[in-house]
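Notes follow the structure.
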Amino acid sequence: MAADAIVNAANNSLLGGAGVDGAIHKAAGPKLLEECMTLNGCKTGHAKITKGYNLPAKHVIHTVGPIYSGTDLDKQLLAMCYENSLNVAKENNLHSIVFPAISTGVYGYPAQEASEIAFSTVKKWLKKHPDYDMEVTMCAFDQGMYDLYRKLNA
């Protein structure tokens, strides 16, 4: 999607993987991997930025979601992914960002709970930064996630 930044639901190495991560690396081209190799990975809940290379987005913000275990720490780390990605976007003077459903694929986070955390965290961030113009898009990977997002955004 065309935006100042898309968010990559990455793994800790930032060197590509399955799902959204693999698709972004493939579409961006080999220079994305080259830049990611210089970042020394990323801790769960944190975020790092690269150029977008061959993507329609100018930048990729890589964040590492938690592998679901059902603990309160999972909730905190997932919220941190959204908050830290938005903070990185703001620090880099970016004004549009596209999020995937972080941790809901191979990391096993239940879609309903993950979506509620995502929407709540983004709304809190926007409320905390009322003078910063930020357009946030939630990107659904299938009809079920799309329907869930529509319901939560109603």
Spacing of [X] atom [atom1] and [Y] atom [atom2] [to the nearest 0.5 Å]:
X: Ile117; Y: Gln112; atom1: CD1; atom2: CD; value: 10.5 Å
X: Thr71; Y: Leu77; atom1: OG1; atom2: CG; value: 7.5 Å
X: Asn40; Y: Asn12; atom1: CG; atom2: CG; value: 13.0 Å
X: Glu34; Y: Lys51; atom1: CD; atom2: NZ; value: 11.0 Å

Can you see which heavy atom on [X] is nearest to which on [Y], and at what distance?
X: Ala89; Y: Tyr132; answer: O-OH, 4.0 Å
X: Ile49; Y: Glu35; answer: O-OE2, 4.1 Å
X: Ser115; Y: Leu152; answer: CB-CD1, 3.3 Å
X: Asp21; Y: Ala9; answer: CB-O, 3.6 Å
X: Ala57; Y: Ile6; answer: CB-CG2, 3.6 Å
X: Asp74; Y: Ser69; answer: OD2-N, 2.6 Å

Transitive ILVMFWY side-chain link [X] to [Y], under 4.5 Å:
X: Val20; Y: Met138; value: no
X: Val106; Y: Ile67; value: yes
X: Ile24; Y: Phe141; value: no
X: Val98; Y: Leu32; value: yes
X: Ile97; Y: Leu126; value: yes

Discussion item. side-chain contact (heavy atoms from CB on, under 4.5 Å), that's the test. Do His25 and Cys36 meet it? Break it down for me.
Written reply: CA-CA 10 Å; His25 272 270; Cys36 284; 3.9 Å; yes
Worksheet entry | Check against side-chain contact (heavy atoms from CB on, under 4.5 Å), Leu33 and Leu15 | CA-CA 6 Å; Leu33 178 59; Leu15 302 181; 3.8 Å; yes
Contact between [X] and [Y] at the side-chain level, heavy atoms closer than 4.5 Å - yes or no?
X: Cys81; Y: Val64; result: no
X: Tyr107; Y: Asn11; result: yes
X: Met134; Y: His129; result: no
X: Lys124; Y: Glu83; result: no
X: Pro110; Y: Tyr68; result: yes
X: Tyr109; Y: Ile102; result: no
X: Met80; Y: Lys43; result: no
X: Thr104; Y: Met145; result: yes

Item to complete: Please work out which of the three classes, parallel, tilted or perpendicular, describes the rings of Phe99 and Tyr82, given edges at 30° and 60°.
Response: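 Correct class here is tilted.
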Fill in: Atom NZ of Lys123: over 12 foreign heavy atoms under 6.0 Å
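For Lys123, atom NZ is crowded (more than 12 foreign heavy atoms under 6.0 Å).
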Item to complete: Go through the steps for His62 and Asn8 under the test side-chain hydrogen bond (donor to acceptor under 3.5 Å, both in side chains), then give the verdict.
Response: CA-CA 5 Å; His62 308 265; Asn8 180 15; 3.1 Å; yes
Please check: side-chain N/O of [X] versus main-chain N/O of [Y], any donor-acceptor pairing under 3.5 Å?
X: Thr44; Y: Pro66; value: no
X: Asn92; Y: Val88; value: yes
X: Lys48; Y: Leu39; value: yes

Worksheet item: Checking side-chain contact (heavy atoms from CB on, under 4.5 Å) for the pair Asn87/Lys90: CA distance, chi angles, key distance, verdict?
Response: CA-CA 5 Å; Asn87 288 338; Lys90 184 176 185 281; 5.6 Å; no
Practice prompt. Check step by step if side-chain contact (heavy atoms from CB on, under 4.5 Å) holds for Val136 and Leu86.
Written response: CA-CA 9 Å; Val136 178; Leu86 288 162; 4.0 Å; yes
Practice prompt. Flag this pair as yes if the NZ/CZ of Lys31 is under 6.0 angstrom from the six-membered ring centre of Tyr53 and inside a 45 degree cone about the axis; otherwise no.
Written response: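 Because its charged atom misses either the 6.0 Å distance or the 45° angle limit, Lys31 does not stack over Tyr53.
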Worksheet item: If you measure only the distance, is there a donor-acceptor pair under 3.5 Å linking the side chains of Asn84 and His46?
Response: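 Per modelled atom types, Asn84 and His46 side chains form no pair under 3.5 Å.
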Discussion item. Taking the basic N atoms (NZ, or NE/NH1/NH2) and the acidic carboxylate oxygens, is any pair closer than 4.0 Å for Arg150 and Asp147?
Written reply: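 Answer for the salt bridge query: no.
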